[in-house]
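Contents: one structure, followed by commentary.
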Amino acid sequence: MNYFLYQGCSLEAGGIHYTVSLKAVAKVLGLSLKEIEDWNCCGASISYVGGNELSVDVLAARNLALAEAQGGMDIVAPCSSCYIVLNKVNYKLQEKPGLLAEVNEVLAEGNLKYSGKIRVRHLLDVLFNDVGLDKIRSAVKKPLNGVQVAGYVGCQTVRPFGEYDSVEKPLIQDRIIEAIGATAVSFPNKMRCCGSGLFLTELTACYELARDILGDAQTNGGKIVSTACPMCQMNLEAYQKRMNKALGTNFNIPVVFITQLMAVAFGLSRKEAALDRLLISADPFLKAA
Amino acid sequence: MDQVVGPKYGSRGGAGKAYNQSFAREVYRNVDSGEEIKMCMQCGVCAASCPLKEKMDFSPRKIFTLIRAGQREKVLSSQAIMLCTSCYSCKVRCPRKVPVVDVMHGLAHYALRQGYKPRAETALFGQKFWGNIYRLGRIDEKDVALRYFLGHGLGQGIKLMMENKNMGIGMLWYKRMKILPERPIKNVKSLRKMLDKAKAMGKGGAV
């Protein structure tokens with residue numbers, strides 16, 4: 001199974017543990033992930049401040065054009081924000097020939113052209129639909145028996161397109177959590193927004209969003225929160241201490257990527273699972289090889 | 001031409017009241033995705049779905065109505081248009097398929113271009129974010145954060161850095177921060193040419 005990996009900026013810095021664990025898991029599952037050469041930032045959800053809609057479309061389109069020129073395989077975006085931006089623009093370009101022509105006029109500045117043939121997919125989609133739960137199950141060497149995981153989905157992992165999972169009641173991450181032997185706890189706020197790119201600039205409002213998500217996960221028995229989005233991971237984990245101070249709460253919940261849980265269940269080392277990169281240790285609940 | 005008289009809706013309503021449609025026309029013409037609000041039927045599902053609705057001065061539904069009522073100043077200086085987190089809860093539930101997120105972003109971009117600053121902090125952060133994209137083709141997380149802090153002036157910048165110190169040290173300690181500055185992508189020059197051209201061709205700020 002061959003794919004382009006659109007890594008995105010977060011996965012090289014704040015979300016590096018997503019990359020490390022994803023690559024280790026992909027090796028076990030036989031996924032070949034090739035980086036798009038000379039990719040650029042997708043613009044995420046804050047690019048509207050500096051760029052008009054056409055500029056933002058061009059940022060995504062340049063990546064799509066590069067992927068098309070470099071072989072045309074499906075793009076896998078592990079970051080939910082990259083996934084949604086690339087996908088949104090891709091659909092627009094496929095549906096509006098006028099816009100595609102306009103964008104191509106701009107891309108010509110770099111001798112690039114996009115014809116609209118690329119497919120953009122989220123990592124969860126590929127894990128569930130291409131790899132499949134059976135294959136994931138058969139790779140498990142150390143099932144995470146008894147570990148209660150709150151699978152936090154957030155927004156852009158499934159919204160707005162709902163291509164591979166429900167936009168109101170998504171279940172795929174929970175199925176993967178169960179396939180590796182853990183227990184997926186159900187909690188109503190698993191679809192609530194964490195604050196996304198506004199976290200740093202709208203702290204007070206976003207602390208409340210994070211509190212509601214973590215509180216709900218904990219009340220319903222979650223010991224670890226799992227996510228498939230680097231923004232959610234960062235907001236819920238890295239700000240937890242400061243949030244406690246600001247709101248008088250006392251959370252100490254590890255927030256990990258689904259690929260980190262998979263790596264542990266596949267019997268990989270602590271380093272391959274990137275458990276050493278967590279600000280809030282998951283060691284009390286996860287014992288890596 | 002811009003003054004039209006509202007229809008008579010029963011005994012109350014807008015009977016005889018003059019509506020100024022010039023702002024609505026300005027939005028349709030100049031704001032990215034602005035014409036999409038024509039589809040809005042004021043049901044309020046967007047407002048009910050919004051995670052930050054309580055922090056907004058006007059819900060998305062009210063913003064759309066204010067546009068139709070010609071309330072230019074209220075809309076362009078509204079906090080709400082820059083409080084959208086892009087969670088798409090509104091978009092998936094809108095029965096008329098209004099891309100509310102795109103409209104809010106379009107309005108915010110337009111407002112900033114017209115000299116309004118609905119949320120100064122987010123505007124500053126977004127400006128530094130875009131600066132990184134233009135300069136490097138990618139985001140260097142620590143660089144954007146530092147520029148954002150120092151964008152408040154040196155004194156306030158240092159204060160903000162101190163507030164965020166522990167998190168920064170944590171990211172460094174757990175090797176989640178690149179120590180070296182991010183290098184520009186190989187074809188950053190042609191990317192800049194593309195962005196310049198798109199800026200000139202697109203609407204999103206034309207006056």
Any idea which heavy atoms bring [X] and [Y] closest together, and the distance?
X       : Y        : answer
A/Ser47 : B/Trp130 : O-CE3, 3.7 Å
B/Thr85 : A/Gly195 : CG2-O, 4.0 Å
A/Trp39 : B/Arg138 : O-NH2, 2.8 Å

Answer with side chain, backbone, both or neither: which region of [X] has an atom nearer than 4.5 Å to a non-hydrogen atom of chain B?
X        : value
A/Glu168 : side chain
A/Lys88  : side chain
A/Leu107 : both
A/Glu12  : both
A/Glu208 : side chain
A/Arg277 : both
A/Thr204 : neither
A/Leu279 : both
A/Leu200 : both
A/Val106 : both
A/Glu237 : side chain

Got more than 12 heavy atoms from elsewhere within 6.0 Å of [atom1], [X]?
X        : atom1 : result
B/Lys62  : NZ    : no
B/Lys193 : NZ    : no
B/Lys199 : NZ    : no

If only atom types and distance count, is the side chain of [X] paired as donor or acceptor with the main-chain N or O of [Y] below 3.5 Å?
X        : Y        : answer
B/Asp32  : A/Glu53  : yes
A/Asp38  : B/Asn187 : yes
B/His109 : A/Tyr48  : yes
B/Glu141 : A/Gly14  : yes

What residue in [options] has the most heavy-atom pairs under 4.5 Å with chain A?
options                               : value
B/Gly137, B/Pro99, B/Ala145, B/Gly170 : B/Gly137
B/Val92, B/Leu191, B/Asp140           : B/Val92
B/Met177, B/His105, B/Arg93           : B/His105
B/Ala123, B/Gly131, B/Cys84, B/Ser89  : B/Ser89

So for [X], is it side chain, backbone, both, or neither that comes closer than 4.5 Å to the heavy atoms of chain A?
X        : answer
B/Lys55  : side chain
B/Ile185 : both
B/Leu195 : both
B/Ile139 : both
B/Asp196 : neither
B/Glu54  : neither
B/Cys90  : neither

From [X] atom [atom1] to [Y] atom [atom2], the distance as rounded to the nearest 0.5 Å:
X        : Y        : atom1 : atom2 : value
A/Cys41  : B/Tyr134 : SG    : OH    : 15.5 Å
B/Thr122 : A/Ile46  : OG1   : CD1   : 5.5 Å
B/Asn132 : A/Cys9   : CG    : SG    : 8.5 Å
A/Cys155 : B/Lys91  : SG    : NZ    : 14.5 Å
A/Met234 : B/Met171 : CE    : CE    : 4.0 Å

Hey, are the side chains of [X] and [Y] touching, using non-hydrogen atoms and a 4.5 Å cut-off?
X        : Y        : result
A/Val49  : B/Leu112 : yes
A/His17  : B/Lys175 : no
B/Asn164 : A/Arg242 : yes
A/Glu105 : B/Met201 : yes
A/Asn40  : B/Leu136 : no
B/Arg119 : A/Thr201 : no

Would A/Glu109 and B/Arg192 pass as an ion pair if we require N to O under 4.0 Å? no
Set out, in order, the CA-CA distance, both residues' side-chain angles and the distance that settles side chain to side chain contact (heavy atoms under 4.5 Å, CB included) for B/Phe125 and A/Leu198, then state yes or no. CA-CA 9 Å; B/Phe125 180 76; A/Leu198 291 187; over 6 Å; no
Working for side chain to side chain contact (heavy atoms under 4.5 Å, CB included), residues A/Arg62 and B/Met194: CA-CA 9 Å; A/Arg62 182 175 178 275; B/Met194 290 177 196; 4.0 Å; yes
